[in-house]
S.K.: 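The structure that follows is given in the form of structure tokens.
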2 protein chains.
Amino acid sequence: MTTAATDKRRVILDAAVRVFARQGFHTCRVSDIADEAGVAYGLVYHYFSSKEQILDTLFLERWDVMLAAIAEADASHRAPEEKLETIAGFIVDSYRHDPELMKVIIVEVTRAANTFGLTHLAKIREAYSGIAAIVAKAQSEGRFRSEVTPEFAAQAFYGSIEQVLTGWIFDSVDVADAELEHAKTMIVDTICRGLERRGLDPAGESA
Amino acid sequence: MTTAATDKRRVILDAAVRVFARQGFHTCRVSDIADEAGVAYGLVYHYFSSKEQILDTLFLERWDVMLAAIAEADASHRAPEEKLETIAGFIVDSYRHDPELMKVIIVEVTRAANTFGLTHLAKIREAYSGIAAIVAKAQSEGRFRSEVTPEFAAQAFYGSIEQVLTGWIFDSVDVADAELEHAKTMIVDTICRGLERRGLDPAGESA
DNA sequence: TCAAACTGACTGACCAGTCAATCGAGGGGG
DNA sequence: CCCCCTCGATTGACTGGTCAGTCAGTTTGA
């Protein structure tokens, strides 16, 4: 039956997340993944053509969901601050839901300028452009000031979030839910204030 | 003479920067470094005890300079915005001066949450704390608002810069000097606006 | 003459990916 | 109802290649 087969594939992927998170992509052995999955070494190669393709799959699975979230936020007819809040929320919630997967994506793909990152450069940039598009629209509507280029704003926004996540990743302790929520607010608050035109105080929400 | 010896050590370190930047730490061979330096394989082990120790040395050399720059900025009696501008300037200038070294430090150390990054976690955090201290002082003086924790502010600030650098690192093209300067201004401008209390417009400098 | 700088062939360990063999579920024929 | 066949799922020993680090020697310069 296809279900059982699909399950094993999934089991391997989930095991890979744990192993990559724990030991790092370059440092771990394929046999570690097989052991973690409780599966024979060879089976890994039945479902994936290489160690790299496993990381590939994990990254694309998640990143495509994020691109969809960004596109959806952009398409909505809400204030730019709210759009950015949705995106920040999505990323923070991704961390809450599966911190190990986020660790792998950030450490092994997003930030790996050599080897692996290059393969997915286009995908990663798609996310920046999506965010930049939201900023550009806000600028043309006069809500955000124009001294800052949308591309830069997108990088500052995404970079802040990724850095905060990285901080959590480095800490070995779990992060409390309240802290996750607070971080989300602080990120959006700080960056939006930095981007907004002065004399414009849209909602007056101060946490 | 010690000079010649020191020179070869330096030659190896400089070659390592180029090789790590081009191929990545995990992917390159020690023989690549020796070849790039125009030196016999064994000589690398005459000066360094392992491949890792080379990366180690490169990171610490540069990071200690940065920590000094942060401490100096903090100690100066200038406005917090100017302190942060000094730091952002230092980092951007580090990139201008040696993009390959910055690539190596960012990609292989700062962002490598596993293996290597852990070794230097304390050093890396020292930088965040230094920045956080500047923010905390600005808050207690009433210049920055207190809703944002200094630790978060430091991460947002540093994360924005690192992300912009990463963008340059990924682009293969050289970045124009004007763009470097503009980026510096945008980073400091955006983040400081995000952190300042409203109704306070210290210098009115808009680029 | 001595020590430090320097050389590069060699070794031992490691590991990604292969492959021949086994298992087991479904189905068709007797 | 049972047996056997087929084919995908599964197994894990094995191979071929790679490379970090060693070491016994050679050169250099004071």
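FYI, side chains are in, hydrogens and waters are out, and symmetry mates aren't considered; it's all heavy atoms of this structure. Per chain, numbering begins at 1; letters A, B, ... match sequence-line order.
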S.K.: Between B:D35 (CG) and C:dT7 (P), how many Å, whole number?
M.R.: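 After rounding, the reported distance stands at 12 Å.
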S.K.: Under the side chain to side chain donor-acceptor pair (under 3.5 Å) test, which residues partner B:E162, sequence neighbours left out?
M.R.: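 Once residues adjacent in sequence are excluded, the partners of B:E162 under the side chain to side chain donor-acceptor pair (under 3.5 Å) criterion are B:R111, B:Y158.
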S.K.: Could you work out, with side chain to side chain donor-acceptor pair (under 3.5 Å) as the rule, every residue matching B:D98, not counting sequence neighbours?
M.R.: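 Scan of B:D98 (side chain to side chain donor-acceptor pair (under 3.5 Å), adjacent residues dropped) gives none.
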S.K.: Does A:Y95 have any ring-ring contact (aromatic ring centres under 6.0 Å, His included) partners at least two apart in sequence or in another chain, and if so, which?
M.R.: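 Listed in chain order: A:W168.
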S.K.: Any side-chain N or O of B:H46 less than 4.0 Å from the OP1 or OP2 oxygen of C:dA5?
M.R.: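 Answer is yes, contact under 4.0 Å.
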S.K.: Please identify each residue that fulfils side chain to side chain donor-acceptor pair (under 3.5 Å) with A:R125, with sequence neighbours left out.
M.R.: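 Here the qualifying residues are B:D171.
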S.K.: Rounded to whole angstroms, how far apart are CZ on B:R9 and P on C:dC6?
M.R.: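 So the CZ-P distance, B:R9 to C:dC6, works out to 13 Å.
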S.K.: Atom CD1 of B:I12 to atom C1' of C:dT7: distance rounded to whole Å?
M.R.: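 Rounded to whole Å, this separation is 12 Å.
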S.K.: Polar atom pairs between nucleotides 13-17 of chain C and protein, under 3.5 Å, N or O only, would you list them?
M.R.:
from   : atom 1 : to    : atom 2 : distance (Å)
C:dC15 : OP2    : A:R29 : NH1    : 3.3
C:dA16 : OP1    : A:C28 : O      : 3.3
C:dA16 : OP2    : A:V30 : N      : 2.9
C:dA16 : N7     : A:Y41 : OH     : 3.3
C:dG17 : OP2    : A:Y45 : OH     : 3.0
C:dG17 : OP2    : A:K51 : N      : 3.2
C:dG17 : N7     : A:Y41 : OH     : 2.5

S.K.: Starting at CD1 of B:I33 and ending at C1' of D:dC19, how long is that distance when rounded to a whole Å?
M.R.: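 Distance check: B:I33 CD1 to D:dC19 C1' gives 12 Å.
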S.K.: Are B:E108 and B:K103 close enough for a salt bridge, meaning some N to O gap below 4.0 Å?
M.R.: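 Judged by the 4.0 Å cut-off on N to carboxylate O distance, B:E108 and B:K103 do not form a salt bridge.
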S.K.: Less than 4.0 angstrom between a side-chain N/O of B:K8 and OP1 or OP2 of C:dC6, yes or no?
M.R.: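 Checking C:dC6 against B:K8, a side-chain N or O does come within under 4.0 Å of OP1 or OP2.
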S.K.: Under the rule for side chain to side chain donor-acceptor pair (under 3.5 Å), what residues qualify as partners of A:E181, not counting sequence neighbours?
M.R.: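 A:E181: side chain to side chain donor-acceptor pair (under 3.5 Å) contacts with A:R96, A:K184.
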